[in-house]
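Read the structure below first, then the notes.
Quick caveat: nothing in here was measured; it's all calculated off a predicted structure.
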Amino acid sequence: MTTSKRSRSSNDAIYLTLRSAIVDHRLRPGARLPEDTLGQTFGVSRTSIRKVLQQLAMDRLVTLRPNRGAEVSRPTIKEATDVFAARRLIECGCIPQIVERITDADIASLRELVGLERDARRDGDQSQAIRYSAEFHVRLIAVADNELTHAFIGQLTSLSSLVVAVYGSPRSVGCDCGEHDELLQLLESGQTEKADYWMDRHLREIEASLDFADQEDEQPDFAALFGDSTEAS
């Protein structure tokens, strides 16, 4: 492998590690992301970290501020409501295609995710539960077989996680596993209108559970979070 390919692979691994930490709330909105500290943590140059942060900024997960550096994005109230409005448009709009295309294998795969999320919640592993909940929605949209909408929902579910990290209550962290089972039953039986209504109601209930009040910033311990990471080594 050439030096440039190794560098790109290392940057990709760091990107995925940081993105995962943001999405599952180990890195909180407003947390500063110093290039030098992250470079030391991952054992790479500040230039490599800068490229990763720029990529995360393109995903709207990180905000780059002149003379202040990077920090985990903190969505405004307007951005929060926009995220859920966009999700309703896309996820409800994809229901007819999902009903038409969904297979027994898709149902089994999605039910497995519901089970994993339920187990994570039972074990008190909130980070994993958040991850499985988001993956459920992303994998469901993949059934519609539209690469653009799949990519949009991947970004929107990540932004939803940021919104919940800032404004969420215990009710709004992730989704209720039983409700997901109910949706799968509707899709499996071809009840398009009821599945569409379910998705719209589900997303509105999560949005309604948000509390639009400021939360105190926390500065993360990068060594504790990523000290054992081997992806970038």
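- We find the CD-CD distance between E112 and E117 to be 13.0 Å, quoted to the nearest 0.5 Å.
- Checking each of I98, N146, I95, L156 against I141 for a side chain to side chain contact (heavy atoms under 4.5 Å, CB included) leaves exactly one that passes, namely I98.
- Although no hydrogens or angles enter the test, the distance criterion places no donor-acceptor pair under 3.5 Å between the side chain of Y15 and the main chain of L53.
- Residues M199 and L140 meet the side-chain proximity criterion, which asks for heavy atoms closer than 4.5 Å.
- Taken from CG in L18 to CG in L38, the straight-line distance is 6.0 Å, to the nearest 0.5 Å.
- In this structure, D104 places its CG atom where only 12 or fewer heavy-atom neighbours from other residues, nucleotides or ligands lie under 6.0 Å away.
- Checked by atom type and distance alone, the side chain of T81 pairs as donor or acceptor with a backbone atom of K78 at under 3.5 Å.
- A 4.5 Å side-chain heavy-atom check between Q128 and R131 finds at least one atom pair inside the cut-off.
- Looking at R111 and H180, their side chains never bring a donor and an acceptor atom within 3.5 Å of each other.
- Side-chain atoms of D106 and T103 form a donor-acceptor pair, as typed in the model, at a separation below 3.5 Å.
- Side-chain contact between I102 and E188 is absent, with no heavy-atom pair separated by less than 4.5 Å.
- In this structure, the side chains of S161 and D24 stay at 4.5 Å or more apart for every pair of heavy atoms.
- A salt bridge does not link K51 to D12: none of the charged nitrogens lies less than 4.0 Å from a carboxylate oxygen.
- For R88, the CZ atom sits in a packed shell: over 12 heavy atoms of surrounding residues, nucleotides or ligands are nearer than 6.0 Å.
- In this structure, T149 and C94 have side chains that are in contact, with non-hydrogen atoms separated by less than 4.5 Å.
- Looking at heavy atoms from C-beta onward, L187 lies out of side-chain contact with E182 at the 4.5 angstrom threshold.
- The line from CG of L184 to CZ of F136 is 4.5 Å long, rounded to the nearest 0.5 Å.
- Here Y132 pairs with nothing under the ring pair (Phe, Tyr, Trp, His ring centres under 6.0 Å) rule; sequence neighbours left out.
- Look at R46 and D36 and you find no salt bridge, because none of the NZ, NE, NH1 or NH2 atoms lies under 4.0 Å from a carboxylate O.
- Between R28 and V72, the shortest heavy-atom contact is O-CB, 3.3 Å.
- Distance alone, capped at 3.5 Å, places no donor-acceptor pair between the S20 side chain and the T17 backbone.
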